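Since the structure is predicted, the reported quantities are computational estimates derived from the model, not experimental observations.
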Amino acid sequence: MNIKFESADKINGLMTITIEQADYQEAVDKKLKEYRKKAQVPGFRPGMVPMGLIKKQYGTAVKVDEVNRVLGEKLYEYIRENKIQMLGEPLPNEEQKPQDLASDGPFEFVFDIAVAPEFKAELTDKDKIDFYTIKVDDKLIDDQVQMYASQAGEFVEAQEWSGNDTLKGDLRQLDAEGNTLEGGITTEGGMIMPSYIKGEDEKKKFDGAKPGDIITFNPKKAYPDNDAEVAALLKVQKDDVKEMESDFSFQVTEIRHFQPAAVDEKLFERVFGEGVKDEADFRQRIADMLKAQLVSNSDYKFLLDVRKYVEEKVGDLQFPEALLKRVMLNNNKDKGEDFVEKNFEASIKELKWHLIKEQLVSAAQIKVEDADLKAVAKEAIRAQFAQYGMSNVPEDVLENYSEEQLKKRENIDNFVERAIDLKLTEALKGIVKLTQQEVTLDEFNKMMQG
C-alpha cells in the first residue's frame with residue numbers, strides 16, 4: 001500500500017491511496033472460507049462446495065467490502081498519525097478515475113481533504129477583558145417576590161372589571177338596528193380580556209364592567225387584522241368571520257380577577273421549604289439565589305467577549321471555501337446549493353470559533369468527566385424547576401431526573417459542550433486580567449441585545 005498526501009497551499013489537501021492485492025487478499029480468502037463452511041448449494045454437502053463456485057458467487061462483493069474497509073482504516077489512520085487537522089469528511093476527488101474492482105488491482109483512490117488553517121490562539125495575563133457583575137438590588141428582589149406571589153396566586157370572583165381581569169359572558173350577533181340577528185352567531189361562555197383588545201375605542205367600552213352589564217362592541221374592530229382571534233372568541237371557523245362586520249352584544253356573567261398570593265409564611269415555605277424566619281430572611285434568600293443565578297449570565301457574557309477578543313487577535317483566516325462548500329452540500333443534499341450559499345458565511349464564522357476554542361481548551365488542559373456531565377444535567381433541571389417557582393427541589397429528585405436525561409444520547413453532546421464552556425470560562429477567568437464592571441440587570445440586558 002502506498003499513501004501520498006500533498007497540500008501546496010496548506011488548506012487544500014490531496015490524498016492518494018494505492019491498494020495492492022496483498023493488502024486485501026488474505027482477509028478476502030478468510031471470509032470466503034467462512035462462506036464456504038456455511039454455504040448451502042444443491043448437490044453439495046455443507047462445507048464441501050467447490051471454492052471456485054464460492055469465489056464466482058461472492059468473490060467480487062467480498063473484495064469490494066474488504067477494499068473499502070482497508071481504505072477507510074488507512075485513510076483515517078494516516079490523518080491521525082500525521083496530525084492532519086481535517087475539516088469535515090474526505091471527499092472523492094472530482095477527477096477520480098473509475099476503479100475496476102472486479103480485477104485484482106492495484107486500485108488508486110484520490111481524496112480531497114479540507115485542512116484547517118495554521119494559527120495560534122493564546123491568552124495571557126496581559127490580555128484585558130471586561131467582566132460584568134450584575135447588581136442584586138431591591139428592584140430585582142421585588143420583581144422576584146412578585147413573580148413567586150403570582151405563581152402561587154389564584155383567580156377569584158370580582159364585582160367590577162379592572163386591570164388584567166377576564167370577563168366571561170354570552171355573545172349575540174346584532175343586526176343593523178341593534179337587535180339580535182335571527183340565525184346569527186350565538187356564543188355561550190365567551191372569554192374576553194379587555195386589556196388585550198387592540199382597538200382603543202372598543203377597549204374603552206369595557207371600562208367599569210360589572211356582572212349583568214350588556215356591552216355592545218364590534219369584534220372585528222376590537223381585533224383588527226386578526227380573524228383568528230375573532231374566530232376563537234366566537235368559537236367559529238376563521239372563514240366564518242372573514243366578511244363579518246356586525247356588532248355583538250356581550251352580557252357579562254362573571255369577572256375573574258387574578259389575586260397574587262400574600263407574601264407570608266405560606267409563600268416562604270412554598271418557595272424555600274421550612275426554616276424561613278420572616279420576610280427579611282425570605283428576601284435575603286432570594287438575593288443569595290439571584291446572585292448565584294446571575295453569575296452564569298455574567299460568565300456567558302464573558303465567554304462571548306472572549307470570543308470577540310480572540311477572533312480579532314487571531315485575525316482573518318483562509319479556509320478552503322470551495323471544498324468546504326462541497327462538504328456542506330454533501331451533508332445537506334436534501335437542501336441544495338441555495339442553502340449552502342445562504343448559510344456558508346455563518347458556518348465559516350462558527351468554524352473559526354470552533355478551531356480557536358479547541359486551542360484554548362487544549363491549552364487549559366480541560367477534560368470532561370462523568371461528574372461534570374451530571375452536574376450540568378442537574379443544573380439544567382434545577383433551572384427548569386425554578387421557572388415554575390420551585391427553588392427547594394430535593395437533591396434526590398434532581399439526581400433521578402439528571403440520570404434519566406443522561407440516558408438519552410441526544411442530550412449528551414449538549415451536556416458535553418456546556419461542561420466544556422463552564423470549565424473554559426473558569427480557566428480563562430484565572431488567566432486573563434479581568435476589568436470588573438458592576439451593572440444593573442436592565443443595563444446588562446441592553447448590552448446583550450446590542
*In plain terms, say whether K423 and D372 are close enough for a salt bridge, that is, a side-chain N and a carboxylate O under 4.0 Å apart.*
yes

*Quick one: does D240's side chain have a donor or acceptor within less than 3.5 Å of a partner on V236's backbone?*
no

*asked:* For T124, is there any backbone N or O sitting under 3.5 Å from a side-chain donor or acceptor partner on K433?
replied: no

*Strictly by modelled atom types, are Q293 and N297 linked by a side-chain donor-acceptor pair under 3.5 Å?*
no

*Under 3.5 Å, side chain of S298 to main-chain N/O of Y132, donor-acceptor pair present?*
yes

*Is E200 salt-bridged to K203, cutoff N-O under 4.0 Å?*
yes

*asked:* Does Q437, at its CD atom, have more than 12 non-hydrogen atoms belonging to other residues, nucleotides or ligands within less than 6.0 Å?
replied: yes

*Indicate the atoms forming the closest heavy-atom contact of E89 with V327, along with that distance.*
O-CG2, 4.0 Å

_Nearest-0.5 Å distance, NZ of residue K374 to CD of residue E403_ = 4.5 Å

*Between CD1 on residue I356 and NZ on residue K313, distance to nearest 0.5 Å*: 11.0 Å

*asked:* Which residues pass the ring-ring contact (aromatic ring centres under 6.0 Å, His included) test with F131, not counting sequence neighbours?
replied: F302

*Start with the C-alpha gap between K378 and E399, add the side-chain angles, then the distance that decides, and say whether salt bridge (charged side-chain N to carboxylate O under 4.0 Å, His left out) holds.*
CA-CA 7 Å; K378 286 172 71 172; E399 189 81 17; 3.4 Å; yes

*With a 3.5 Å cut-off and no angle check, do the side chains of D29 and Q25 form a donor-acceptor pair?*
yes

*Would you find more than 12 non-hydrogen atoms of other residues, nucleotides or ligands less than 6.0 Å from D225 atom CG?*
no

_Which residue is it: M193, M191, E154? I am looking for the one with a side chain to side chain contact (heavy atoms under 4.5 Å, CB included) to R256._
M191

_Donor + acceptor pair across side chains of H354, E350 (<3.5 Å)_ = no

*With distance as the sole criterion, is a donor-acceptor pair present between the side chains of E358 and Q85 under 3.5 Å?*
yes

*Donor-acceptor contact present, side-chain D23 to main-chain E20, <3.5 Å*: yes

*Can you tell which of K238, K220, K242, Q237 makes a side chain to side chain donor-acceptor pair (under 3.5 Å) with D227?*
K220

*Between the side chain of D442 and the main-chain N/O of N445, is any donor-acceptor distance below 3.5 Å?*
no

*Salt-bridge test for D65 and R69: reply yes if a basic N is under 4.0 Å from a carboxylate O, no otherwise.*
no

*Does the pair E443/K446 count as a salt bridge with the N-to-O cut at 4.0 Å?*
no

*Return yes when atom NZ of K168 has more than 12 non-hydrogen atoms of other residues, nucleotides or ligands closer than 6.0 Å, and no otherwise.*
no

*Thinking salt bridges, do R326 and E94 make one under a 4.0 Å N-O criterion?*
yes

*asked:* Quick one, F282 with Y148, criterion side-chain contact (heavy atoms from CB on, under 4.5 Å). Give me CA distance, side-chain angles, the key distance, then yes/no.
replied: CA-CA 11 Å; F282 180 58; Y148 286 139; 4.1 Å; yes

*Taking the inter-plane angle between the rings of Y58 and Y35 on a 0 to 90° scale, is it parallel (under 30°), tilted (30 to 60°) or perpendicular (over 60°)?*
perpendicular

*Hey, is E311 close enough to R307 for a salt bridge, meaning N to O under 4.0 Å?*
yes

_CD/E95: more than 12 non-hydrogen atoms of other groups inside 6.0 Å_ = no

*Heavy-atom side-chain contact between V241 and P219 under 4.5 Å*: no

*Salt bridge D143-K139, side-chain N to carboxylate O under 4.0 Å*: yes

*Step through it carefully: locate the ring centre of Y196, locate the ring centre of Y223, and say whether they are under 6.0 Å apart.*
no

_Could you check whether K63 pairs with E66 (Lys NZ or Arg NE/NH1/NH2 to Asp/Glu carboxylate O, under 4.0 Å)?_
no

*asked:* Quick check on K198: does its NZ atom have over 12 non-hydrogen neighbours (other residues, nucleotides or ligands) under 6.0 Å away?
replied: no

*Give me the one residue out of Q284, K291, R285 that meets side chain to side chain donor-acceptor pair (under 3.5 Å) with D288.*
Q284

*Assess whether side-chain contact (heavy atoms from CB on, under 4.5 Å) is satisfied between D299 and K429, documenting all intermediate values.*
CA-CA 9 Å; D299 285 348; K429 282 160 67 175; 3.0 Å; yes

*Could you tell me whether the side chain of N332 and the main chain of K335 form a donor-acceptor pair under 3.5 Å?*
no

*Distance-only, no hydrogens or angles: does the T435 side chain make a donor-acceptor pair with backbone N or O of D130 under 3.5 Å?*
no

*Under 3.5 Å, is there a donor-acceptor pair between the side chain of N82 and the main chain of I84?*
no

*Test R418 against E379 for salt bridge (charged side-chain N to carboxylate O under 4.0 Å, His left out), laying out the working first.*
CA-CA 11 Å; R418 178 63 181 147; E379 280 308 307; over 6 Å; no

*Going through the distances and angles, do E337 and L329 end up as a side-chain contact (heavy atoms from CB on, under 4.5 Å)?*
CA-CA 7 Å; E337 293 184 2; L329 181 60; 4.0 Å; yes

*Indicate yes or no: does E34 engage K37 in a salt bridge with an N to O separation below 4.0 Å.*
no

_Rounded distance (nearest 0.5 Å) linking atom CG of L294 with atom CD1 of I134_ = 4.5 Å

*Could you tell me the separation between the OH atom of Y78 and the NZ atom of K4, rounded to the nearest 0.5 Å?*
10.5 Å

*Electrostatic pair D305-K301, nearest N-O below 4.0 angstrom*: yes

*Yes or no on side-chain contact (heavy atoms from CB on, under 4.5 Å) for K55 and L32, after CA distance, side-chain angles and deciding distance?*
CA-CA 7 Å; K55 286 182 178 180; L32 290 175; 3.8 Å; yes

*Is there a donor-acceptor pair under 3.5 Å between the side chain of S402 and the backbone N or O of L398?*
yes

*Step through the shown structure and confirm whether more than 12 heavy atoms of other residues, nucleotides or ligands are within 6.0 Å of CG on D370.*
no

*Would the number of heavy atoms belonging to other residues, nucleotides or ligands and lying under 6.0 Å from CZ of F111 be above 12?*
yes

*Could you tell me how the ring of F109 sits relative to the ring of F107: parallel (under 30°), tilted (30 to 60°) or perpendicular (over 60°)?*
tilted

*Within a reach of under 6.0 Å around OH of Y300, are more than 12 heavy atoms found that belong to other residues, nucleotides or ligands?*
no

_Test item: N411 side-chain N/O and Q405 main-chain N/O as donor-acceptor pair under 3.5 Å_ = yes

*Is it true that K357 and E417 have a side-chain N and a carboxylate O under 4.0 angstrom from each other?*
yes

